[in-house]
There are 2 protein chains.
Amino acid sequence: MSLSSYRSPFSEQTHDHSLCIIEALEIANKLCTQRGARLTPLRRQVLELIWQSHKSLGAYKILEKLQNTQGGRAAPPTVYRALDFLLKQGLIHRIASLNAFIGCLHPDSPHVGQFFICQTCGNTAELEAPHLHADLLQQAHQLGFKVEKSTIELMGVCPHCQSLVSL
Amino acid sequence: MSLSSYRSPFSEQTHDHSLCIIEALEIANKLCTQRGARLTPLRRQVLELIWQSHKSLGAYKILEKLQNTQGGRAAPPTVYRALDFLLKQGLIHRIASLNAFIGCLHPDSPHVGQFFICQTCGNTAELEAPHLHADLLQQAHQLGFKVEKSTIELMGVCPHCQSLVSL
DNA sequence: TATTGTATGTTATAATATACCTGTTAATAA
DNA sequence: TTATTAACAGGTATATTATAACATACAATA
Ligand SMILES: [Zn+2]
Ligand SMILES: [Zn+2]
Ligand SMILES: [Zn+2]
Ligand SMILES: [Zn+2]
C-alpha cells in the first residue's frame with residue numbers, strides 16, 4: 001500500500017502527477033480509517049495542497065492557498081494544526097533545512113525520511129535506504145546513543161536540472 | 001590541527017572543557033591567518049560564546065549574551081553577520097532542526113557535519129563517518145543526483161542521560 | 001439530551017532571519 | 001603621507017516561521 005515509486009519526483013514533466021495526488025489521498029484515507037484518525041476536510045485539503053507538486057511547501061504558502069480557496073478566513077494556527085496531524089500520521093514530512101513540508105511516499109510503514117532536494121527546481125525525492133539507516137544506527141550504537149528521530153537532507157542538483165545546465 | 005577528540009561532548013562533566021575552548025580559538029586564529037580572513041574581536045567573541053558548551057546555541061541567545069557583555073548595543077544583524085563569517089570559514093555548523101549553531105570539531109578539513117543531538121541534555125556530538133557519507137553519495141550517484149550540501153542530524157538520548165533515567 | 005473530547009476559529013505574540021542604509025575601520029594605491 | 005576603496009559594524013525596520021491563549025463549533029457516545 002505504498003505509493004508507486006516508478007514516478008520519479010525529478011521527472012515531473014514526464015509523469016502523470018495527478019496519479020500521485022490521487023494515490024496519496026487514497027492511502028491517507030485508508031490509513032486514517034484503519035487508525036480511527038479523522039482526516040477532516042481541512043486536513044485533507046492541506047494534504048492535497050502539499051501534494052500539488054514534488055516540491056516542499058512552506059506553512060505560509062499553504063495558508064495563502066487555503067485563503068484563496070476558502071475565502072480568506074484561515075489563520076496560521078489552522079495550518080499548523082493540520083500539519084501537526086499529518087506529521088503525526090506520517091502522511092507528510094518536515095524538511096528542516098527549508099522549513100517546509102512534503103508528502104510522504106510510503107506513509108504506511110514507519111521509516112526515517114531521507115531526502116534529496118534539488119536546489120534548482122526544488123523537487124525533492126524521498127529515499128528508502130534501509131542499509132544506510134542501519135549504518136547510522138550502528139554508529140549510534142558504538143557511541144551508546146539511542147536514536148529517536150533522524151533528519152537527513154541532501155541538497156544538490158537533480159539529473160534533470162544538470163542536463164539543462166549542460167545545454 | 002584538529003580538536004582533540006578524546007573529550008566527548010557527552011561527558012561534559014568529566015572533561016576539562018576550558019581546553020576545548022582554548023583549542024578552538026587557537027585553531028580559528030591559525031586558520032583565519034592562513035587564509036587572510038579577519039577574525040575580528042566581535043567574530044572571535046561570538047565563536048567563544050558558541051564554544052561555551054557542547055550544546056548548540058540559537059542566534060538570539062548569542063545576541064543576549066553579547067548584550068550582557070557589550071553593554072546592550074548589539075542587534076540581530078550583528079550576530080547573523082558574525083555567524084555567516086564563521087560558517088563560511090567552517091568554524092561552526094548550523095543545526096537546521098534546532099535553528100542553532102555549534103562549534104566545529106575539525107574546522108581545518110572540509111567535511112560534512114553529522115550530528116548526534118541529545119534531546120535531554122542538549123549536548124551534541126559531531127561525527128566523522130566517512131563511509132556513511134560515501135553510502136549517501138553512492139545513493140545519490142545512482143539517482144544521478146549531484147550532492148552539494150548535506151544535513152544529517154540524529155536526535156536521541158546520549159549515554160549519560162540514559163544512565164540517569166535508569167537510576 | 002446531556003456530556004465530553006476533538007477540531008476549528010481568532011487574536012496576539014514569540015522566535016528566527018534578512019533588507020537596507022549609514023558610518024567606521026583597515027588595507028592599498030598614488 | 002594622504003586619497004581611495006573595500007571590508008566591517010551599527011541601527012532601524014521588516015520579513016518569515018511558529019506558538020500561546022482563549023473562545024466556539026462539532027461529533028461521538030452515554
Ligand atoms: Zn508526481
Ligand atoms: Zn532539479
Ligand atoms: Zn568540551
Ligand atoms: Zn544527554
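Not measured: the values here are computed from a predicted model. All chains are named by letter (A, B, ...) in the order of the sequence lines, taking the proteins before the strands, and each is independently numbered beginning at 1.
No more than 12 heavy-atom neighbours from other residues, nucleotides or ligands sit within 6.0 angstrom of CD on B/Gln138.
In the set D/dG11, D/dA9, D/dA20, D/dG11 carries the atom at the smallest distance from any side-chain atom of B/Pro77. Among the nucleotides C/dA17, D/dT19, C/dG9, the one closest to the side chain of B/Pro76 is C/dA17.
In this structure, B/Thr120 and B/Cys158 have side chains that are not in contact, with every pair of non-hydrogen atoms separated by 4.5 Å or more. Side-chain contact between B/Cys20 and B/His15 is present, with heavy atoms from C-beta onward closer than 4.5 Å. At least one side-chain heavy atom of A/Cys32 sits under 4.5 Å from a side-chain heavy atom of A/Phe85.
Near DNA chain C, meaning a heavy atom under 4.0 Å from it, residues 81-96 of chain B has B/Arg94 in order of number.
Between the P atom of C/dG23 and the CG atom of B/Leu42 lies a distance of 20 Å, rounded to the nearest Å. If you take CG of B/Leu66 and C1' of D/dG11, they are 15 Å apart, rounded to a whole angstrom. Remark: P of D/dT19 and CG of A/Leu63 are 15 Å apart, rounded to the nearest angstrom. Rounded to a whole Å, the OH atom of A/Tyr80 is 11 Å from the C1' atom of C/dA15. We find that NZ of A/Lys61 is positioned 14 Å from P of D/dA15, with the value rounded to whole Å. Between the CG atom of B/Leu39 and the C1' atom of D/dA9 there is a distance of 15 Å, rounded to whole Å. One atom, CD1 of A/Ile62, and another, P of D/dA18, lie 10 Å apart when rounded to the nearest Å. Rounded to a whole Å, the CD atom of A/Gln45 is 15 Å from the C1' atom of C/dA7.
Note: A/Ile102 CD1 to A/Phe115 CZ = 6.5 Å, rounded to the nearest 0.5 Å.
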Could you go over nucleotides 28-30 of chain D and give all protein N or O partners under 3.5 Å, atom names and distances?
none

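Looking at B/Tyr60, its side chain comes within 3.5 Å of the base of C/dA17 through a donor and an acceptor atom.
A/Thr78 has no side-chain polar atom (N or O) that falls below the 4.0 Å cut-off from OP1 or OP2 of C/dT10. Listed pair B/Asn99 / C/dA17 meets the phosphate criterion, a side-chain N or O lying under 4.0 Å from OP1 or OP2.
Nearest heavy-atom pair, A/Leu154 versus B/Ser150, reported as atom, atom and distance to 0.1 Å: CD2-CB, 3.1 Å. The minimum heavy-atom distance between B/Cys104 and B/Gly90, with the atom names listed, is CB-O, 3.5 Å.
A side-chain contact (heavy atoms from CB on, under 4.5 Å) with A/Arg35 is found for one member of A/Leu39, A/Leu31, A/Thr33 and no other, namely A/Leu31.
Looking at residues two or more places apart in sequence or on another chain, you find a ring-ring contact (aromatic ring centres under 6.0 Å, His included) between A/Phe145 and B/Phe10, B/Phe116.
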